[in-house]
Amino acid sequence: MSQKLSGKVALVTGGSSGIGLATTKRFVAEGAYVFITGRRQTELDAAVNEIGNNVIGIQSDVSNLADLDRLYATIEQKQGHLDVVFANAGVGQPRALGSITEEHFDKTFNINVKGLLFTVQKALPLMPEGAAIILNASTASIVGTKAFSVYGATKAAVRAFARYWTLDLKERKIRVNAISPGTTPTPGYDQFGFNEEQAKEFVESQAKNIPLGRVGTPDEIAKAVVFLASDDSSFVNGIELFVDGGMAQI
Ligand SMILES: NC(=O)c1ccc[n+]([C@@H]2O[C@H](COP(=O)([O-])OP(=O)(O)OC[C@H]3O[C@@H](n4cnc5c(N)ncnc54)[C@H](OP(=O)(O)O)[C@@H]3O)[C@@H](O)[C@H]2O)c1
């Protein structure tokens, strides 16, 4: 059977966990050579060991521009170009209006917005005509959840970037699309500060609002990212692809 990403070189930021890890597994299975990043070396090593071949981990923080320069220098030296960028690294913690701190705002925007912007901008010199960029947004930009306003605002910015960057990259024929996962339990949910019971309640309450009656899995998001990364989506540009069981569509 033919592979959808045969011979492609890809970058997945935040590829050591959750949606990024599931996508990296799919990318490699579809024939890509994948660079993954994350801040924690141990998690990166574990992901690389689990996947085995055609994956390399480079420790770097998307909000640190010197780290991004080092990352792209390594990719250039090892592969010379990048066909696919999945700008996935992101964080989100609950903080209700009234208790939002400058630190919370800066951290969330620095990683989810500044980090994503410079991940893409600094990748451009390595990207050939016909390359694909996928930005990880979220249903959170259009569906409210108590205490997640700063996170939702970062994801609205991400969605806007996809629209504008299709125009900025028009001459280079590089496609830019956003993917918006719905509720998809991952290790990222540990950041919420819930105990086991609270985590279960959160997931169950979310599932009630999802037409399919359940939350998603990282692999279900990964399959949609493969679509946006591959030639199957060759005329798809600037969209927000919701993968949410219908939650944000009702
Ligand atoms: N899960 C959901 O329900 C859901 C829904 C909508 C959108 N999303 C989005 O999906 C993306 C992935 O989330 P996830 O749920 O898969 O979370 P996750 O399991 O916590 O994975 C996040 C990944 O990003 C990395 N990361 C975080 N901050 C980083 C930074 N500053 N620089 C580089 N890497 C960084 C993490 O590694 P280190 O911690 O080691 O850096 C990890 O590999 C995020 O953008 C999130 O907003 C998730």
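FYI, side chains are in, hydrogens and waters are out, and symmetry mates aren't considered; it's all heavy atoms of this structure. Start at 1 and go down the list; that is how both ligands and their atoms are numbered. Fair warning: this is a prediction, and the values are worked out from it, not measured in the lab.
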For atom 24 (O) of ligand 1, what's the nearest protein heavy atom and its distance? Gly14 CA, 3.3 Å
Is there a nitrogen or oxygen of Lys155 sitting under 3.5 Å from a nitrogen or oxygen of ligand 1? yes
Checking contacts here: is it the side chain or the backbone of Ala137 that comes within 4.0 Å of ligand 1, counting heavy atoms only? Could be both or neither. backbone
Against ligand 1, does Ala140 come closer than 4.0 Å with any heavy atom? no
Mutual orientation of the aromatic rings belonging to Phe192 and Phe148 [parallel < 30°, tilted 30-60°, perpendicular > 60°]: perpendicular
Could you tell me, atom by atom, which parts of ligand 1 come under 4.0 Å of a heavy atom of Gly188? 17 (O), 18 (P), 19 (O), 20 (O)
What do you reckon, does Asn136 have a nitrogen or oxygen under 3.5 Å from a nitrogen or oxygen of ligand 1? yes
Pair Arg70-Ile58, side-chain contact (heavy atoms from CB on, under 4.5 Å): steps then yes or no: CA-CA 9 Å; Arg70 189 171 44 79; Ile58 301 174; 4.3 Å; yes
Looking at Ala224 and Val243, what are the two nearest heavy atoms and their distance? CB-CG2, 3.6 Å
Any atom of ligand 1 sitting under 4.0 Å from a heavy atom of Thr13? no
Atoms of ligand 1, numbered as shown, that sit under 4.0 Å from any heavy atom of Ser60: 32 (N), 33 (C)
Can you check whether Asn88 has an N/O within less than 3.5 Å of an N/O in ligand 1? yes
Could you walk me through whether Tyr72 and Thr119 pass the side-chain contact (heavy atoms from CB on, under 4.5 Å) check? CA-CA 9 Å; Tyr72 288 120; Thr119 293; 3.5 Å; yes
Closer than 4.0 Å to some heavy atom of Thr184 - which atoms of ligand 1 meet that? 1 (N), 2 (C), 3 (O)
Protein heavy-atom partner closest to atom 31 (N) of ligand 1 - residue, atom, separation in Å: Asp61 OD1, 2.8 Å
Does ligand 1 have an atom under 4.0 Å from some heavy atom of Pro185? no
Heavy atoms only: which of Gly18, Gly20, Gly90 is nearest to atom 22 (C) of ligand 1? Gly90
Counting only heavy atoms not in Leu97, do more than 12 sit closer than 6.0 Å to its CG atom? no
Among the heavy atoms of Gly182, does any lie under 4.0 Å from an atom of ligand 1? yes
Going by an N to O cut-off under 4.0 Å, is there a salt bridge joining Lys25 and Glu50? yes
Could you tell me whether ligand 1 has any atom less than 4.0 Å away from a heavy atom of Pro187? yes
Asn112: side chain to side chain donor-acceptor pair (under 3.5 Å) partners, not counting sequence neighbours: Thr154
What is the closest protein heavy atom to atom 27 (C) of ligand 1, and at what distance does it sit? Arg39 NH2, 3.4 Å
Purely on distance, is any nitrogen or oxygen of Gly38 under 3.5 Å from one on ligand 1? no
Tell me the contacting part of Arg40 for ligand 1: side chain, backbone, both, or neither, using a 4.0 Å heavy-atom threshold, strictly below. both
May I ask you to identify the nearest protein heavy atom to atom 13 (O) of ligand 1, giving residue, atom name and distance to one decimal place in Å? Ile19 CD1, 4.5 Å
Non-hydrogen atoms of Pro211 and Met247 that approach each other most closely: CD-N, 3.6 Å
